[in-house]
Amino acid sequence: MLRPKIPTMPTPTGIVTPPAVEPTAIVQHTPAPAPVPVAPATPTRPTVQLTPGTALALVGGGTAVALVVGAVLVSMLLAVAVTAASVAVCALVIRSLMSQQHKRR
C-alpha cells in the first residue's frame, strides 16, 4: 500500500550510437628520483614581543573595557529598578483610588 514507485529509465528516441572505445597503450614509467629534503620554511609572521609599554597599554585597555561594560550593565539594572518602582507606585495609587470609591458608596 505504501510502497514507493521507482521511476523507470526513459527509452532513448532517435538514433543511438555506441560510445567510441579507444584502445589503451601500456607505457612503462621509469621510477622517479628520490625527493630532495627541503629545509623548514621560516615563519612568515614576525613574533610579537611585549615591551613594558605595550603590556601597560594592554592592561589599561582591558581595564577601560571592563569599566565601560560594567557601567552599561549597572545602568541597565538601574533602569529596570526605576521602572519597577514607578509601576509599583502607580499600582498603589490606583489601589488607593479604587478603595476610596468603594468607601464612598
Side-chain angles (χ1 to χ4, degrees):
M1 180 178 160
L2 296 175
R3 292 186 182 172
K5 293 183 179 180
I6 301 173
T8 58
M9 186 75 167
T11 56
T13 58
I15 301 173
V16 179
T17 57
V21 178
E22 296 180 11
T24 57
I26 299 174
V27 179
Q28 292 182 351
H29 294 286
T30 57
V36 178
V38 178
T42 59
T44 56
R45 296 186 311 178
T47 57
V48 177
Q49 295 179 355
L50 290 178
T51 62
T54 56
L56 187 62
L58 285 175
V59 169
T63 304
V65 168
L67 288 175
V68 168
V69 169
V72 168
L73 291 177
V74 166
S75 65
M76 289 172 60
L77 181 63
L78 184 62
V80 169
V82 167
T83 304
S86 66
V87 168
V89 168
C90 289
L92 287 176
V93 168
I94 291 173
R95 182 179 172 191
S96 165
L97 291 174
M98 296 296 282
S99 68
Q100 285 179 2
Q101 275 187 339
H102 286 294
K103 289 180 182 177
R104 289 183 184 173
R105 289 186 183 189

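Judged purely by atom type and a 3.5 angstrom limit, Ser96 has no side-chain atom pairing as donor or acceptor with the backbone of Leu92.
In this view, Leu77 satisfies the side chain to side chain contact (heavy atoms under 4.5 Å, CB included) rule with no residue, not counting sequence neighbours.
Smallest separation of non-hydrogen atoms from Thr83 and Ala79: OG1-O, 2.8 Å.
From Leu78, atom CG reaches atom CG of Leu73 across 12.5 Å, with rounding to the nearest 0.5 Å.
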